[in-house]
Amino acid sequence: MGTSRIYLYKPSPVFLVMMFVPMKVPLLDLRRQNLPLEAELVDAFRRVLTSGQFIQGPEVEQFESAAAAVAGARFGIGMSSGTDAILVALMALGIGPGGEVICPSFTFFATAGSIARVGARPVFADSCPECFNLDPAGIEPLITSRTKAIIPCTCSARRRTWTRSSRLPGATGWR
Ligand SMILES: Cc1ncc(COP(=O)(O)O)c(C=O)c1O
């Protein structure tokens, strides 16, 4: 027979309010980041509207070189969304049915969604409890002969804690 214990817990008034007052918590509020940039954004929208060039053109070219400079890459490619960017990268690598892609368990759903969309299988790796990014220690045991890629998303722009490692089994041939 087990013993029973009674724990006395005195909840704070704030906790009680949170427990019993219904609150609407939005998934995210884009107005908080967009409204401070309103004038700059409206200017850019107006430039595109008056040029009539909604696809490619100088605005996109400028964005692509600015993005490449920030990423320290030779090229940048403007995409319609983050989801499409992941999808195109997976397609460009020829990843599809039968393939596995390791990704963090704690990330936006577009990561696993895009992997599934090309017909591959998302394999979830644990996240680091301090930085919330993909924990490098959790990757190695998940690598199989079917592993085609690892997507190490950064969480809320937190600094990534690992780089491509030649110590990963079968690392030759990784792109
Ligand atoms: C890690 C990550 N990947 C992909 C996306 C998808 O971006 P989008 O909403 O532009 O498709 C997001 C969006 O928040 C994200 O946080």
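If you're wondering where the values come from, they're calculated on a predicted model, not measured in any experiment. Just so it is clear, the values below take in all heavy atoms, side chains as well, and ignore hydrogens, waters and symmetry mates.
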Trainee: With side chains defined as the heavy atoms from C-beta onward, is the minimum distance between I151 and I102 less than 4.5 Å?
Mentor: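 The answer is no; the side chains never approach within 4.5 Å.
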Trainee: Should R121 and P97 count as side-chain neighbours, where that means a heavy-atom distance under 4.5 Å?
Mentor: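 No, every pair of side-chain atoms sits at 4.5 Å or beyond.
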Trainee: Check the hydrophobic clustering (I, L, V, M, F, W, Y; side-chain heavy atoms under 4.5 Å; chains of links allowed) and say if L28 and V25 are grouped together.
Mentor: no
Trainee: In the structure I gave you, are the side-chain heavy atoms of C103 and I115 within less than 4.5 Å of one another anywhere?
Mentor: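 With C-beta onward as the side chain, the pair touches.
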Trainee: Does one hydrophobic cluster hold both F124 and F132, with members joined at side-chain heavy-atom distances below 4.5 Å?
Mentor: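 No; F132 is not reachable from F124 via cluster members.
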Trainee: Are F15 and F20 connected in a single hydrophobic cluster, I mean Ile/Leu/Val/Met/Phe/Trp/Tyr linked by side-chain heavy atoms less than 4.5 Å apart?
Mentor: yes
Trainee: Could you give me the CA-CA distance, side-chain angles and deciding distance for S127 and D135, then say whether side-chain contact (heavy atoms from CB on, under 4.5 Å) is met?
Mentor: CA-CA 5 Å; S127 300; D135 185 352; 5.8 Å; no
Trainee: Quick one: closest heavy-atom pair of I95 and A120, and the distance?
Mentor: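 Heavy atoms only, the tightest pair is CG2-CB, 3.8 Å.
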Trainee: Determine whether I150 and L142 satisfy the following criterion, side-chain contact (heavy atoms from CB on, under 4.5 Å), listing intermediate values before the conclusion.
Mentor: CA-CA 10 Å; I150 302 168; L142 302 175; over 6 Å; no
Trainee: Kindly say whether V48 contributes a backbone atom to a donor-acceptor pair with the side chain of S51 at under 3.5 angstrom?
Mentor: yes
Trainee: Over all heavy atoms of both residues, which pair between Q53 and P58 is shortest? Give the atoms and the distance, please.
Mentor: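 Distance-wise, the nearest heavy atoms are OE1-CD, 3.8 Å.
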Trainee: Thinking salt bridges, do E100 and K148 make one under a 4.0 Å N-O criterion?
Mentor: no
Trainee: Indicate yes or no: at least one non-hydrogen side-chain atom of E64 is less than 4.5 angstrom from one of I77.
Mentor: yes
Trainee: Is any side-chain heavy atom of D84 closer than 4.5 Å to a side-chain heavy atom of L87?
Mentor: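 Contact flag for D84/L87 side chains = yes.
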Trainee: Can you find a heavy atom in the side chain of N34 that is under 4.5 Å from one in the side chain of R31?
Mentor: no
Trainee: Between atom CZ of F108 and atom CD1 of I86, what is the distance when rounded to the nearest 0.5 Å?
Mentor: 9.0 Å
Trainee: Hydrophobic cluster membership, with links at side-chain heavy-atom distances under 4.5 Å among I/L/V/M/F/W/Y: are V101 and L93 in one?
Mentor: yes
Trainee: How about CZ on F109, more than 12 heavy atoms from neighbouring residues, nucleotides or ligands closer than 6.0 Å, or not?
Mentor: no
Trainee: If every non-hydrogen atom of P26 is compared with every non-hydrogen atom of K24, which pair is closest and at what distance?
Mentor: CD-O, 3.5 Å
Trainee: Answer yes if V14 and M23 sit in the same cluster of Ile, Leu, Val, Met, Phe, Trp and Tyr residues linked by side chain heavy atoms under 4.5 Å apart, and no otherwise.
Mentor: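 Yes, same cluster.
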Trainee: Determine, for R46 against D43, whether the closest basic-nitrogen to carboxylate-oxygen distance falls under 4.0 angstrom.
Mentor: yes
Trainee: With a 4.5 Å limit on heavy-atom distance, are the side chains of I55 and V60 in contact?
Mentor: no
Trainee: Quick one: CZ on F106 to CG on N133, what's the gap to the nearest 0.5 Å?
Mentor: 9.5 Å
Trainee: What is the distance from atom CG of L90 to atom OG of S114, rounded to the nearest 0.5 Å?
Mentor: 6.5 Å
Trainee: Could you walk me through whether L49 and F54 pass the side-chain contact (heavy atoms from CB on, under 4.5 Å) test, one step at a time?
Mentor: CA-CA 8 Å; L49 183 69; F54 297 98; 4.2 Å; yes
